[in-house]
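What follows is one structure encoded as structure tokens, with my remarks underneath.
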Amino acid sequence: MHTRDILEMTARDMAAAVGSGRLTARAVAEAHLERIAQADGPVMAWQHLDPAQARRDADQLDAQGVAGPLAGVPIGVKDVIETADMPTGYGTRFYDGFQPLWDAPSVAIARRAGALVMGKTVSTELAMASPNKTRNPHNPAHTPGGSSSGSCAAVAAGMVPLAFGTQTSGSVIRPASFCGVTALKPTFGLINTVGIKVLCHGLDTLGVIARNVGDAAACAAALSGRAELADLSAPRRPRLGVLLGTRLEKAEPSSIEAVERLARVAEEAGAEVTTIPAPAWFDGVFDLHEAVMGWEVTQSLAYEIGRRWEELTPVTRAMLEDQGRVTEESYRAAMQVLPGVRHIADALLSRFDAVLTLAAPGEAPEGTATGDPIYNRLWSVLQVPLVALPVAKGPRGLPLGVQLAGARGEDRRLGSAALFLESCVSAQGGPR
């Protein structure tokens with residue numbers, strides 16, 4: 001099979017071909033290593049990549065007759081997720097080269113499902129806001145977003161079909177929108193997060209970046225044990241909500257138009273579409289996220305704050321100083337309120353198969369600053385499943401995505417609706 005044919009396969013077809021013996025893991029690895037050599041120069045998506053190791057691992061998969069839902073599929077693992085055979089630097093220079101003795105459960109489970117861990121993708125420092133070297137594959141003068149910078153850029157550039165990211169505020173959905181890829185941030189707790197550098201134990205979620213909804217859901221199924229996610233089917237007449245929310249002064253007109261246009265296309269394709277005014281409780285959830293993240297980040301990074309402060313970048317120090325203004329009293333008050341707010345949000349979201357909203361303020365900004373997670377924070381603190389879907393190109397020719405939200409635990413329902421919307425985008429000729 002030619003390199004181009006391999007690179008164009010879905011991750012699911014790739015796994016089926018390797019598992020059946022029609023394709024070798026080594027051939028898959030070689031195709032993607034060739035693509036990395038061609039594409040990574042201006043993108044710089046990889047923190048650690050050893051082609052010789054990738055080839056050895058692929059040969060070992062072939063020798064043992066690998067099978068499983070991820071058989072032979074190359075994945076990129078964000079460099080805040082621990083790996084026994086590759087260094088994990090957590091995106092910061094003073095941990096550079098640190099070698100864990102273990103795989104994070106998500107990595108171990110992926111390997112057990114047959115995956116080939118291609119390498120470690122670049123993260124912002126400590127998965128916060130300070131950028132590292134990765135650039136947007138559509139235009140290197142622009143950010144790929146963060147903190148899952150390398151994972152989204154690597155998938156967007158065709159270097160791997162799947163990659164792992166993490167999200168506390170908007171670190172999977174926003175860079176996916178900026179890079180023009182699909183991402184699934186599942187319900188909080190669906191995928192094990194042990195062995196991932198902790199920012200907020202009540203918010204941190206492992207997400208999957210892919211080129212299509214089916215691949216992202218199949219990977220999440222393998223990681224979570226939720227087999228139903230691997231068998232999505234688009235509903236014939238989904239119920240879709242459109243909730244732009246508040247703080248729209250921060251949004252570019254093209255981003256709002258991307259949501260509204262997809263809603264119109266979906267309605268023409270048979271969806272039942274309802275516009276949802278921002279509920280009275282909506283805007284206050286931003287403050288709840290600030291309270292939870294502020295307190296938990298400064299607790300989780302107590303060592304780095306206390307012992308490595310001067311080695312942190314100015315961006316990280318400024319962010320931690322800002323987060324450090326949150327008092328324990330504010331945190332406890334937010335934690336008292338949140339269960340009720342989440343229940344109310346679930347009641348609203350459960351009326352729909354998916355709720356369409358903004359994934360980012362607009363196209364990826366020029367420069368290295370990773371962009372504003374303003375339209376992701378609220379959904380992250382609600383702990384609901386989210387999908388980023390690329391739908392258009394903005395006025396500068398860079399990708400625009402939309403964000404789809406569902407009720408907690410309704411990951412399969414959300415994924416199925418996302419599949420319907422993906423087909424609507426495809427029928428329109430794909431993101432333009």
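All residue numbers refer to positions in the sequence shown, counting from 1.
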Notebook entry, point to check: Within the distance-only criterion (no hydrogens, no angle test), does the side chain of Q99 pair as donor or acceptor with the backbone N or O of T83 below 3.5 angstrom?
Noted result: yes

Notebook entry, point to check: Can you tell if the side chain of P361 reaches within under 4.5 Å of the side chain of I374, non-hydrogen atoms only?
Noted result: yes

Check: If we ignore angles and hydrogens, is there a donor and acceptor under 3.5 Å between the side chains of D283 and T246?
Finding: yes

Item checked: Any donor-acceptor N or O pair under 3.5 Å, side chains Q47, T121 -> no

Next item on the list: Look at E304 together with K197 and state whether they make a salt bridge at an N to O cut-off of under 4.0 Å.
Entry: yes

Check: How about D204 and T168: does a side-chain donor come under 3.5 Å of a side-chain acceptor?
Finding: yes

Next item on the list: Return yes if some donor-acceptor pair links the side-chain N/O of S300 with the main-chain N/O of L199 below 3.5 Å, else return no.
Entry: yes

Margin query: Please check if the number of heavy atoms outside K133 that lie under 6.0 Å from its NZ is greater than 12.
Written below: yes

Note to self: Before you tell me yes or no, could you show the steps for E257 and R264 under salt bridge (Lys or Arg N to Asp or Glu O under 4.0 Å), namely the whole-Å CA-CA distance, both residues' side-chain angles and the distance that decides it to 0.1 Å?
What the structure shows: CA-CA 10 Å; E257 169 58 22; R264 291 195 299 270; 2.9 Å; yes

Check: Regarding S147 and K78, is there a side-chain donor-to-acceptor distance under 3.5 Å anywhere?
Finding: yes

Next item on the list: Answer yes or no: does atom CD of Q38 have more than 12 heavy-atom neighbours from other residues, nucleotides or ligands under 6.0 Å?
Entry: yes

Next item on the list: Run the salt-bridge test on R26 and E30 with the 4.0 Å N-O cut-off and return the result as yes or no.
Entry: yes

Item checked: Donor on one side chain, acceptor on other, S169 and H289, under 3.5 Å -> yes

Notebook entry, point to check: Within a strict 4.5 Å, meaning less than it, do heavy atoms of the V425 and P431 side chains meet?
Noted result: yes

Notebook entry, point to check: What residues, two or more places apart in sequence or in another chain, satisfy ring-ring contact (aromatic ring centres under 6.0 Å, His included) together with Y95?
Noted result: Y90

Margin query: Counting C-beta onward and ignoring hydrogens, is there a side-chain heavy-atom pair between I196 and T166 closer than 4.5 Å?
Written below: yes

Notebook entry, point to check: Within a strict 4.5 Å, meaning less than it, do heavy atoms of the V259 and L244 side chains meet?
Noted result: yes

Next item on the list: For the residue pair N212 and R12, confirm or rule out a side-chain donor-acceptor distance under 3.5 Å.
Entry: yes

Notebook entry, point to check: Could you state the interatomic distance from CH2 (W281) to CG (L348), rounded to the nearest 0.5 Å?
Noted result: 5.5 Å

Notebook entry, point to check: Less than 4.5 Å apart, any side-chain heavy atom of L404 and any of L421?
Noted result: yes

Next item on the list: With sequence neighbours excluded, give me every salt bridge (charged side-chain N to carboxylate O under 4.0 Å, His left out) pair touching residues 353-372.
Entry: D353-R413, E363-R396

Item checked: Side-chain touch L414/E410, heavy atoms, less than 4.5 angstrom -> no

Margin query: Looking only at the side chains, is there a donor atom on one of T187 and D411 sitting less than 3.5 Å from an acceptor on the other?
Written below: yes

Checklist line | Pair D85 + R111, salt bridge at N-O below 4.0 Å | finding: yes

Item checked: Test applied, side chain to side chain contact (heavy atoms under 4.5 Å, CB included); reference residue, I173; option that passes from N376, L358, V387 -> N376

Margin query: Under a 3.5 Å cutoff, is there a donor and acceptor pairing between the side chains of T313 and T316?
Written below: yes

Notebook entry, point to check: Taking the six-membered ring of Y375 as reference, does the NZ or CZ atom of R174 fall below 6.0 Å from its centre and within a 45° cone about the axis?
Noted result: no

Note to self: Tell me whether R93 is salt-bridged to E125, with the criterion being a basic N under 4.0 Å from an acidic carboxylate O.
What the structure shows: no

